[in-house]
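Since the structure is predicted, the reported quantities are computational estimates derived from the model, not experimental observations.
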Amino acid sequence: MFRAMVGIGILCALLIVVTYEFTLPIIKKNKTEALEKAVFKVLPGATKKITYKLNDDKSFEEFHQERQKEQLVYAGFDDDGKLVGLAIEASGQGFQDVLNILYGYSPESQTLIGFYVLESKETPGLGDKIEKDKAFLDNFSALDVSLEESLDALKNLVNPVKHGTKKNPWEIDCITGATISSKAIGKIIKESSQYWVPIIYNHKDSFKQ
Amino acid sequence: MNDSLWFIFINASLINNFVLAYFLGICPFLGVSGKLETASRMGGAVTFVMIIASMSAYGIHALLITINAPFLQLISYIVVIASTVQLVEMFIKKISPGLFRALGIFLPLITTNCAILGLALFQTNKGYGFLESFVYALGAGAGFTLALILMAGLREQLDLADIPNVAKGTALTLLIAGILSLSFMGFAGLGG
Amino acid sequence: MEIQTTEKKKGGFFESLQNGPATDEFIKGLWRENPVFVQVLGMCPTLAVTNSAENALAMGLATLFVLIMSNLLVSSLRNFIPKQVRIATYILIIATCVTVADYAIQAYSLDLHKALGAFIALIVVNCLILGRAEAFASKNTVSKSFWDALGMGLGFTFALLCLGVVREIFGTGTLFGFPVLPGSFQSWIIMILPGGGLFTLAIWLLVFNGAKERKAKKARAL
């Protein structure tokens, strides 16, 4: 009995390890491609991606390893090697479950220039408008996140407002019928940009090709 | 993760109820929701096993990361969960025969309950820590028990109703579960 | 991936198809003992991932693959597996097959893997697979077990597609992503929500029960 069990155990382990070794490079490639595609989506015009890690002393350095718990940003460069902007990951509670998003920030114009939902379980047909609604996505073509003179905080925090009442360039026009989902996005971006934008802007020279 | 613990609890028990939103553990849900008493006992047993399974899954995950073998995740989860349930069963039998009689029959059934494995997988995917996993398991168990008790209450009433032959059994139970699932959608947004 | 495996095996077992018993093992899973509609097994994937026809098909094929692989392994090892620990051994074998399927799907398409989520891993606890290993593969020859798995797996896929197609057509007005209903159709969002899954399955069961009832009535009248 013991020998049979060991034999079956070895057979199973062998099968798994062979599959794992065989598929690992393909899966890795797929994941990198998917991330690259998302980064290029939030940074219009970018054709090359470099990953940076945020160190404890608030400086950035290039990062090429397997991700553990590091805080990462993705820099996108265009064909001429000019920095288009940085893609930042953020997450927070949505209507149904946690929302994971990616947004693009351009230090040059000091605006957010793109937005993409990485993972969401929002109600199909209502909450998932945050991925499809064109008017909502247009909010993120030039959302103002410029800094104070002192360069350590945002002049105006990103603010989600009721549909049709957007007046200032730092406000997000929410969607009727998906109010909570779009507000949640606004809140996530507000909190994340408050943290990231000053750090990135003050180190914008570290992102070079 | 910046979710508060309360949030995780609400999320697992009401917003994303394991039975009504993820359909995990729907087999016992359809099977033992006939009587209120069995339903509440089953709920208790599942909650209990969920907490234990969640704790052991947390341990295994940490171990697998240190030895760098993510491909063993599924196998070790299922084997460990199955054997923990067995151990717990023996343990309870020795320590508290009263509790064993109350949970006894359900414990072996729970081993193959997808809600348990589902819980372990979800908590790993979400990257929960020890305390968060515990609260998540507690919430999931509470949600499961709640759904089971609600269902049992409804079905006890239905015993007295006149139902056409075609609809008897699973079909009717599924229809009720559908309505319950819709009403649980009203909880969405509680977290925001 | 799954389809290739099926076709490769088909050649080897072709002769047994012409004999009565193999065809019988194959047909029974498809209809008479359909795992979902008749035996009501494997409910959780049936309901959770059938919000579109594509997901339903992928889930069905993944289950089919795992079922065939585990049935083949269990039946060919059936004389070596010690009786006392057979269930644990089956679970070990099934978990291996599922892990293989999981990585294969991840390598094939990340989007699909994301859509099916943890439900691929949850094939392990699909009672259908353990049920077939214990009730059939542990007592029958390799070729018989293969046909049994193929029949049951296709029956399962068929049932998932029944749900997936209905839910996708009414829920989004499309089928496999192609629009089939006129643009003026206001889609019933409820169909792709969890509740819609329960309703659709309930309605299919009503249809099947109704058909059975009518048949029984006819038989009685004769």
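Using a 4.5 Å cut-off between heavy atoms, C/Met191 does not touch chain A at all. Looking at C/Lys83, neither its backbone nor its side chain comes within 4.5 Å of chain A, counting heavy atoms on both sides. With a 4.5 Å cut-off on non-hydrogen atoms, C/Leu77 touches chain A through its side chain but not through its backbone. Neither the backbone nor the side chain of A/Lys28 comes within less than 4.5 Å of any heavy atom in chain C. In this structure, chain C has no heavy atom under 4.5 Å from any part of A/Leu14.
Here the CG-CE distance, from C/Leu92 to A/Met5, works out to 6.5 Å after rounding to the nearest 0.5 Å. Note that the OG1 atom of C/Thr96 and the CG atom of A/Leu11 stand 8.0 Å from one another [nearest 0.5 Å]. From A/Ile8, atom CD1 reaches atom CZ of C/Phe80 across 9.0 Å, with rounding to the nearest 0.5 Å. Taking OH of C/Tyr103 as the reference point, atom CG of A/Leu24 lies at 8.0 Å (rounded to 0.5 Å).
Each of C/Asp102, C/Val100, C/Thr99 was compared with A/Thr19 under the side-chain contact (heavy atoms from CB on, under 4.5 Å) criterion, and only C/Val100 meets it.
For A/Glu108, the CD atom counts as loosely surrounded, since its 6.0 Å shell holds 12 or fewer non-hydrogen atoms of other residues, nucleotides or ligands. In this structure, A/Gln110 places its CD atom where more than 12 heavy-atom neighbours from other residues, nucleotides or ligands lie under 6.0 Å away. Annotation for A/Tyr20: atom OH counts as buried by contact number, over 12 foreign heavy atoms lying within 6.0 Å.
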Subject >> side-chain contact (heavy atoms from CB on, under 4.5 Å) assessment of C/Gln106 paired with A/Thr23 >> reply: CA-CA 8 Å; C/Gln106 246 184 83; A/Thr23 52; over 6 Å; no
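Counting only distance, with no hydrogens or angles, the side chain of A/Asn30 and the backbone of C/Ala107 share a donor-acceptor pair below 3.5 Å.
In terms of heavy-atom pairs under 4.5 Å with chain C, the best-connected choice from A/Gly9, A/Cys12, A/Ala4 is A/Cys12.
At least one side-chain heavy atom of A/Leu15 sits less than 4.5 Å from a side-chain heavy atom of C/Met69.
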